Protein chains: 2
Amino acid sequence: MAKTQTKAAAKLPLNEILSGDCIEEMNALPENSVDLIFADPPYNLQLKGDLHRPDNSKVDAVDDDWDQFDSFAVYDKFSREWLRAARRILKPNGAIWVIGSYHNIYRVGSALQDAGFWILNDVVWRKSNPMPNFRGVRLTNAHETMIWAGKSEKSKPTFNYEALKALNDGVQMRSDWLLPICNGNERIKDDNGEKAHPTQKPESLLHRIIVGSTNAGDVILDPFFGSGTTGAVAKKLGRDFIGIEREAKYRKVAEKRIKGIRRFDKESLLVSTSKRAEPRVPFGQLVERGMLKPGDQLFSLNGRHSAKIRADGTLIAHDQRGSIHQVGAALEGAPSCNGWTYWCFKKRGEAIPIDMLRKKIRAEMRAN
Amino acid sequence: MAKTQTKAAAKLPLNEILSGDCIEEMNALPENSVDLIFADPPYNLQLKGDLHRPDNSKVDAVDDDWDQFDSFAVYDKFSREWLRAARRILKPNGAIWVIGSYHNIYRVGSALQDAGFWILNDVVWRKSNPMPNFRGVRLTNAHETMIWAGKSEKSKPTFNYEALKALNDGVQMRSDWLLPICNGNERIKDDNGEKAHPTQKPESLLHRIIVGSTNAGDVILDPFFGSGTTGAVAKKLGRDFIGIEREAKYRKVAEKRIKGIRRFDKESLLVSTSKRAEPRVPFGQLVERGMLKPGDQLFSLNGRHSAKIRADGTLIAHDQRGSIHQVGAALEGAPSCNGWTYWCFKKRGEAIPIDMLRKKIRAEMRAN
DNA sequence: GATGCCAGTGAATCGACAG
DNA sequence: GCTGTCGATTCACTGGCAT
């Protein structure tokens with residue numbers, strides 16, 4: 001199994017931009033080989049006539065040839081095909097992010113569910129500086145929608161909860177993200193000074209996605225690579241990327257852009273990790289190592305209960321026997337209990353959570 | 001034509017709550033007779049086991065029978081049928097609002113487009129006080145999605161641009177609406193003191209929708225009437241409503257609720273605007289947005305300490321890791337520390353407080 | 001009356017792993 | 001694949017009651 005994956009990974013065209021149709025190119029890649037896919041598929045915009053600002057200057061709308069689709073049926077077929085190809089190359093625990101607007105996201109979201117992907121969250125990118133609705137006939141279209149989905153219901157995709165919490169000043173990251181659109185220095189211009197790609201995404205958006213849902217060294221594929229924002233941020237953050245882009249002019253823009261980017265140093269790539277990633281320490285080890293002794297009393301954090309430690313690392317309190325978790329849960333009448341934070345021992349009259357002792361052991365383990 | 005509509009309108013059961021299946025009830029109404037439809041269909045949540053909060057209390061989940069569907073196919077069939085019935089009774093320039101979450105909104109949105117509705121905007125209801133993700137395994141599901149669509153591409157639905165602009169402190173109303181969920185006094189309780197309906201929507205949401213997309217005297221139909229928020233707000237705002245609700249207990253709740261409501265006088269229809277607090281800017285956003293980079297050094301205001309920035313917006317200094325506030329406090333041996341004023345970055349040899357960057361972001365946010 | 005503390009709760013697809 | 005066990009995990013707001 002491990003060997004197969006290594007072999008598959010060895011065949012991947014890492015940190016390259018593939019030329020051609022994304023469905024064909026994805027079909028040529030080995031299955032179960034990619035950790036994350038970020039996709040910004042063409043929008044099914046149906047602009048009737050040109051859109052003008054109040055001063056009659058023309059708005060540079062997204063009206064390139066590749067963005068026109070005859071009907072929902074054609075668009076749906078296209079969506080189903082690229083999603084199927086994308087799903088094949090994803091690792092079993094891989095995930096996908098798709099971004100879209102109301103023109104296409106309901107089609108894409110349905111196709112994604114039908115293909116077997118399992119939605120984890122949808123995320124709203126709130127633009128801090130959206131284009132106003134010049135004619136005053138609608139609400140300002142101030143957001144785009146992203147869908148984050150695992151390859152299947154059974155998938156266990158990477159989610160760096162603590163890192164995203166840190167990015168959000170210590171409170172859970174929500175499903176609505178306020179970020180500016182890509183303009184100013186970041187917006188790539190061509191030789192004529194015009195924007196090199198009509199829908200260049202901001203790097204801040206990809207930063208949050210990549211920090212939140214990949215680990216360093218992961219492979220991120222973008223089937224609609226465009227100006228290469230995915231590749232640029234992946235490189236900065238020490239991830240590998242695979243880009244697919246049909247249009248030569250965009251490939252050229254992206255290649256030049258990514259060449260000029262340097263990876264952040266290793267230490268700053270580390271992000272806050274979850275306790276779940278820490279090695280498990282059985283409570284019995286505290287007894288074996290003499291940090292606590294059989295016969296010692298433990299006291300509940302709320303002071304209402306006490307229990308005695310037995311030689312095998314179980315507790316006994318009245319008629320309750322079992323692990324620190326089981327006895328804690330039973331005494332509290334709770335469905336479950338984290339014994340590590342529930343129980344305290346006394347040292348010079350002071351109650352100290354037994355988790356302090358576990359931390360000590362873990363620090364020793366790290367030192368060795 | 002005008003005569004036909006008058007005749008049709010005369011047959012409408014205005015300001016009543018119809019009992020029965022919404023598809024049958026809508027099919028019994030005359031075509032082209034309703035100005036607006038607001039629909040809050042079942043979300044098809046697929047919940048597995050129980051969920052407990054970290055304090056071990058059990059979450060009261062939406063596990064009612066009316067939200068159970070066997071498959072996407074069954075749910076899609078249901079959506080297509082009620083949308084078809086809804087579209088028939090809409091006036092040619094009528095419009096529909098549908099609300100949903102990621103579980104169902106992509107299905108509903110696709111069905112709506114397939115039925116011939118024309119999406120005008122999608123609107124994100126950002127909850128100011130959503131339920132957190134208790135297990136820390138996903139993003140906080142902090143929003144729901146609403147789709148606003150005309151009966152057809154040719155429809156010219158009512159849009160009270162100026163009224164919404166006034167509601168929004170004089171700037172164009174955006175497609176993301178920050179409103180609290182329905183609780184406190186507004187949340188209707190049954191005789192046992194329990195919530196009378198599991199998914200009662202806040203009146204503020206309906207207020208904005210009705211002010212923005214109907215005129216006084218319009219007829220608003222809600223095929224999933226529930227606790228009757230649509231009817232309550234319609235009555236307050238001088239619109240007529242038609243409710244359809246299958247469950248007797250909900251009809252009873254709604255009837256009693258609406259009976260106690262008085263129509264606003266004309267002058268008081270414009271509600272007071274909410275004051276905007278200074279938005280919170282997480283330090284991580286400076287990193288995501290490239291204003292500071294992972295690996296960059298920060299220096300303390302007093303010049304005694306330095307720290308390095310990591311990709312998730314935490315700092316690292318010797319053995320200290322954590323937020324700008326935590327690391328600052330640790331280095332100073334202080335109980336707390338305002339990292340925004342404590343840390344500086346260097347630009348052309350000059351030390352500049354990072355708070356300058358936050359001010360820049362806030363200025364941008366205010367400008368839009 | 002003002003303030004502070006505690007308890008309660010909201011449309012939720014809410015584990016990982018050994019045996 | 002199933003079962004049992006370990007043990008990680010929450011934000012904003014409201015209302016009641018004590019101080």
Side-chain angles (χ1 to χ4, degrees), chain A residues 93 113 117-122 148-150 153-154 156 159 161-162 165 168-175 273-284 313-314 322-329 334-343 354-355 358, chain B residues 40-64 66-69 72 99-105 125-145 178 180-187 189 193-195 197-202 224 226:
Chain A
N93 288 329
Q113 291 179 307
F117 286 102
W118 189 251
I119 299 184
L120 303 166
N121 277 116
D122 59 355
W148 175 39
E153 186 178 351
K154 306 283 174 218
K156 307 200 179 309
F159 179 56
Y161 173 76
E162 293 291 342
K165 193 171 168 177
N168 196 34
D169 258 9
V171 293
Q172 275 191 353
M173 184 68 80
R174 298 170 39 119
S175 56
T273 53
S274 157
K275 275 189 203 161
R276 281 187 265 257
E278 297 274 340
R280 204 171 69 85
V281 177
F283 175 71
T314 57
S323 70
I324 51 173
H325 316 295
Q326 289 167 334
V327 174
S336 71
C337 169
N338 184 346
W340 287 106
T341 50
Y342 180 75
W343 293 108
I354 58 175
D355 203 30
R358 182 172 66 163
Chain B
D40 182 11
Y43 284 11
N44 190 24
L45 299 185
Q46 295 160 42
L47 306 178
K48 305 270 158 39
D50 288 344
L51 178 63
H52 293 90
R53 299 185 180 81
D55 66 2
N56 276 322
S57 63
K58 193 177 158 203
V59 174
D60 183 17
V62 178
D63 52 3
D64 305 69
W66 48 256
D67 200 43
Q68 303 300 317
F69 294 83
F72 281 138
I99 184 167
S101 69
Y102 68 84
H103 311 85
N104 71 324
I105 198 65
W125 169 28
R126 300 175 50 221
K127 304 179 184 184
S128 56
N129 47 352
M131 190 176 355
N133 185 289
F134 296 117
R135 305 296 293 268
V137 293
R138 305 273 176 92
L139 301 166
T140 308
N141 199 357
H143 74 275
E144 294 187 27
T145 301
L178 180 65
I181 61 176
C182 179
N183 56 14
N185 247 345
E186 189 186 331
R187 188 86 194 213
K189 305 290 197 299
E194 310 212 328
K195 52 189 178 192
H197 191 281
T199 68
Q200 185 182 344
K201 294 290 173 290
F224 307 98

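Chain A is the first sequence line, chain B the second, and so forth, proteins listed ahead of strands; every chain is numbered from 1. Not measured: the values here are computed from a predicted model.
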Looking at B/I181 and B/N129, what are the two nearest heavy atoms and their distance? N-OD1, 3.0 Å
If you look at every strand shown and take non-hydrogen atoms under 4.0 Å, does B/K195 touch a base, only sugar-phosphate, or nothing? sugar-phosphate
For B/K58 and C/dT9, what is the distance between atoms NZ and C1' respectively, to the nearest whole Å? 14 Å
Work out how far the C1' atom of D/dT10 is from that of C/dG8, and round it to whole angstrom. 13 Å
Atom C1', compared across D/dT19 and C/dG1: separation rounded to whole Å: 13 Å
Separation of B/I105 atom CD1 from C/dT13 atom C1', in whole Å? 16 Å
Students often get this wrong, so: under 4.0 angstrom with heavy atoms, is A/P282 touching a base, only sugar-phosphate, or nothing? nothing
What is the distance from NZ of B/K127 to C1' of C/dG10, rounded to the nearest Å? 8 Å
Could you tell me if the side chain of B/E194 sits less than 4.5 Å from the side chain of B/D60, heavy atoms only? no
Output field dot_bracket for DNA chain D (Watson-Crick or G-U, both distances under 3.5 Å, | for other-strand pairs) contains .|||||....|||||||||
Using whole Å, what does the distance between atom C1' of nucleotide C/dT9 and atom CG of B/N185 come to? 15 Å
Under the side chain to side chain contact (heavy atoms under 4.5 Å, CB included) test, residues paired with A/S274 that sit two or more places apart: A/E162, A/R276
Of all residues at least two apart in sequence or in a different chain, which pass the side chain to side chain contact (heavy atoms under 4.5 Å, CB included) check with A/S323? A/H325, A/Q326
List in chain and number order the residues that pass ring pair (Phe, Tyr, Trp, His ring centres under 6.0 Å) with A/W148, two or more places apart in sequence or in another chain; answer none if no residue qualifies. A/W97, A/F159
How is B/T140 classified with respect to the nucleic acid when contacts are heavy atoms under 4.0 Å: base, sugar-phosphate, or nothing? nothing
Mind checking whether A/Y161 and B/V137 have side chains closer than 4.5 Å, heavy atoms only? no
note: B/N133, atom CG; C/dA11, atom P; distance rounded to Å ~ 15 Å
Would you check if A/P335 and B/N56 make a side-chain contact, meaning some heavy-atom pair closer than 4.5 Å? yes
Under a 3.5 Å distance rule, please check whether B/Q200 uses its side chain to pair with a backbone N or O of B/E186 as donor and acceptor. yes
What does A/E153 touch in the nucleic acid at a heavy-atom separation under 4.0 angstrom: a base, only the sugar-phosphate, or nothing? nothing
For A/Y161, which contact category applies under a 4.0 Å heavy-atom criterion: base, sugar-phosphate, or nothing? sugar-phosphate
As a test of the definition: with a 90° window around 0 for syn, would you call C/dT13 syn or anti? syn
Assign B/C182 to base, sugar-phosphate, or nothing according to its heavy-atom contacts below 4.0 angstrom with the strands shown. nothing
When the distance from CG of B/L47 to P of C/dC14 is rounded to whole Å, what number comes out? 7 Å
Base, sugar-phosphate or nothing for A/N121? Non-hydrogen atoms, less than 4.0 Å. nothing
Return the CD1 to OG1 distance between B/I105 and B/T145, rounded to the nearest 0.5 Å. 6.0 Å
Assign B/P41 to base, sugar-phosphate, or nothing according to its heavy-atom contacts below 4.0 angstrom with the strands shown. base
At the 4.0 Å heavy-atom cut-off to chain B, mark where contacts on DNA chain D begin and end, going 5' to 3'. D/dG7 to D/dG15
What contact category does B/T199 fall into here, base, sugar-phosphate, or nothing, at under 4.0 angstrom with non-hydrogen atoms? base
Check step by step if side chain to side chain contact (heavy atoms under 4.5 Å, CB included) holds for B/H143 and A/R174. CA-CA 9 Å; B/H143 74 275; A/R174 298 170 39 119; over 6 Å; no
B/Y102, nearest nucleotide to its side chain (from C/dT9, C/dA11, C/dT13): C/dT13
Using a 4.0 Å heavy-atom cut-off across all strands, classify A/T341 as base, sugar-phosphate, or nothing. nothing
Quick check: do B/F134 and B/D55 have side-chain heavy atoms less than 4.5 Å from each other? no
Pairs: protein N or O with nucleotides 15-19 of chain C N or O, under 3.5 Å:
unit_1: C/dG15; atom_1: OP2; unit_2: B/R135; atom_2: NE; d: 3.3
unit_1: C/dG15; atom_1: OP2; unit_2: B/R135; atom_2: NH1; d: 2.3

Spacing between B/I181 atom CD1 and C/dT9 atom C1', to the nearest angstrom: 8 Å
Over all strands shown, is A/E162 touching base, sugar-phosphate only, or nothing at heavy-atom distances under 4.0 angstrom? sugar-phosphate
Categorize A/I119 for me: base, sugar-phosphate, or nothing, with a 4.0 angstrom heavy-atom threshold over every strand shown. base
Determine the minimum heavy-atom distance between A/I324 and A/W343, stating which atoms define it. O-NE1, 3.0 Å
Per side chain to side chain donor-acceptor pair (under 3.5 Å), B/E144 is matched among B/W125, B/Y43, B/Y102 by B/Y43
Are A/W118 and C/dT13 stacked, counting the six-membered base ring, centres under 5.5 Å, planes under 30°? yes
Give one of base, sugar-phosphate or nothing for A/R358, where a contact means two heavy atoms less than 4.0 Å apart. sugar-phosphate
Within the modelled atom types, does a donor on one side and an acceptor on the other bring the side chain of B/K201 and the base of C/dA11 under 3.5 Å apart? yes
Look at all strands and tell whether B/G49 reaches a base, only sugar-phosphate, or nothing, counting heavy atoms closer than 4.0 Å. base
Using atom CD of B/Q200 as one end and atom P of C/dT9 as the other, report the distance to the nearest whole Å. 16 Å
Restricting to non-hydrogen atoms, name the atom on B/R187 and the atom on B/H197 that form the minimum distance, rounded to 0.1 Å. NH2-O, 2.7 Å
